[in-house]
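Just so it is clear, the model here is predicted, and its values are computed rather than measured.
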Amino acid sequence: MKKFISTARYGMRDWLFQRVTAIVMAGYAVVFIGMAAWFGLDGFEGWRELFAFEPMRFLTFVFWVCVLVHAWVGMRDVVMDYIQPAILKLSLLSAVVLALVGCLGWMARILWRL
Amino acid sequence: MSAELRVRKRPKHLNVFLLGLQLPFPGMMSIVHRITGAGLFVMLGFILWFFEKSLASEADFMEVVGWLRHPIVLLIGLGLLWAFIFHFFMGLRYLALDADFMTDLKSARLTSFLVAVVSAGASVLVFALVIVTLYPEIRECLPL
């Protein structure tokens with residue numbers, strides 16, 4: 001009987017998440033460069049206005065969610081590939097998830113305090 | 001038979017050194033892609049910290065700029081930028097491979113070499129931009 005340690009599995013779903021988030025992030029990178037040129041990154045004002053601009057704030061948050069999902073798939077692959085001891089694997093995967101969830105909350109706070 | 005196998009120590013493949021330096025070039029690039037990915041993950045907290053502070057106030061923004069001008073922080077920052085740029089271009093290559101584009105051996109070696117060159121070039125450009133932005137005093141010295 002297989003021991004259930006985590007829900008992490010190799011498979012199509014996560015492969016798809018990784019690819020889709022990659023494409024969205026690439027799109028945001030292009031948008032960011034364009035917006036940064038528009039707002040003019042010459043100091044605090046321009047920098048702040050860039051992210052306080054409502055569409056940009058929304059897109060930045062979507063981008064960040066993609067970063068975290070993408071990072072999750074990547075780190076999960078790393079842990080599954082290289083870590084065999086079950087307790088260590090579970091601990092690391094949990095730590096990664098918690099760190100990512102924390103980063104999500106942190107970014108939400110940063111963006112909506114503007 | 002199995003008892004004997006269990007007792008005898010089987011030669012273990014040293015994965016930790018990733019076949020030493022015997023990885024073919026695309027393989028080496030692939031592991032760098034993985035390492036840059038993990039490295040970026042580890043630095044997420046620091047990135048958020050700097051990002052938050054840079055948006056807090058004018059004074060905080062200037063403080064962050066001050067930090068970034070410090071050689072060690074600058075080095076780490078440029079390293080992160082390079083890691084992102086490399087990971088990005090290598091990622092594009094993987095997306096192309098997913099679409100069955102240039103998957104034969106010769107093409108795969110070519111694209112991995114292209115990724116190395118393009119990411120290096122893009123990194124140099126970005127580094128120059130960052131340095132000129134962080135150190136405006138350099139702009140006076142430049143003939144531009």
Segment of [X] engaging chain B (4.5 angstrom heavy-atom cut-off):
X	answer
D77(A)	both
V96(A)	both
A26(A)	both

Is there a path from [X] to [Y] through hydrophobic residues (I, L, V, M, F, W, Y) whose side chains come within less than 4.5 Å of each other?
X	Y	value
I138(B)	L81(B)	yes
V118(B)	F101(B)	no
L98(A)	V67(A)	no
V115(B)	M102(B)	no
V32(B)	L114(B)	no

| request: Would you check if Q18(A) and Y94(B) make a side-chain contact, meaning some heavy-atom pair closer than 4.5 Å? | output: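 With C-beta onward as the side chain, the pair stays apart.
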| message | Tell me which of these, A38(B), S57(B), G91(B), has more heavy-atom pairs under 4.5 Å with chain A than the rest. | response |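 Highest number of heavy-atom pairs under 4.5 Å: S57(B).
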Return the [atom1] to [atom2] distance between [X] and [Y], rounded to the nearest 0.5 Å.
X	Y	atom1	atom2	answer
M75(A)	R34(B)	CE	CZ	9.5 Å
D98(B)	W15(A)	CG	CH2	4.5 Å
L55(B)	L111(A)	CG	CG	8.0 Å
W106(A)	L44(B)	CH2	CG	10.0 Å
L48(B)	I110(A)	CG	CD1	5.0 Å

| request: Please report the shortest heavy-atom distance between A71(A) and F41(B), naming the atom on each side. | output: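 Scanning both residues, the minimum pair turns out to be CB-CD1, 4.2 Å.
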| request: Determine the option with the most heavy-atom pairs under 4.5 angstrom with chain B, choosing from G74(A), G43(A), A99(A). | output: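 Between G74(A), G43(A), A99(A), the count favours G43(A).
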| said: I'd like to know if R109(A) and E52(B) make a salt bridge, using a cut-off of under 4.0 Å between side-chain N and carboxylate O. | reply: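 Yes, charged N to carboxylate O under 4.0 Å.
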Would one find more than 12 heavy atoms of other residues, nucleotides or ligands at under 6.0 Å from atom [atom1] of [X]?
X	atom1	value
I72(B)	CD1	no
R109(B)	CZ	no
F113(B)	CZ	no

| Is the F51(B) ring parallel, tilted or perpendicular to the W47(A) ring (thresholds 30°, 60°)? |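 Plane angle over 60°, so perpendicular.
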| request: Test side-chain contact (heavy atoms from CB on, under 4.5 Å) on E45(A) and F61(B) and set out the steps. | output: CA-CA 10 Å; E45(A) 274 314 309; F61(B) 178 84; over 6 Å; no
| H87(B) versus chain A, heavy atoms under 4.5 Å apart: side chain, backbone, both or neither? |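 When you check distances to chain A, only side chain atoms of H87(B) fall under 4.5 Å.
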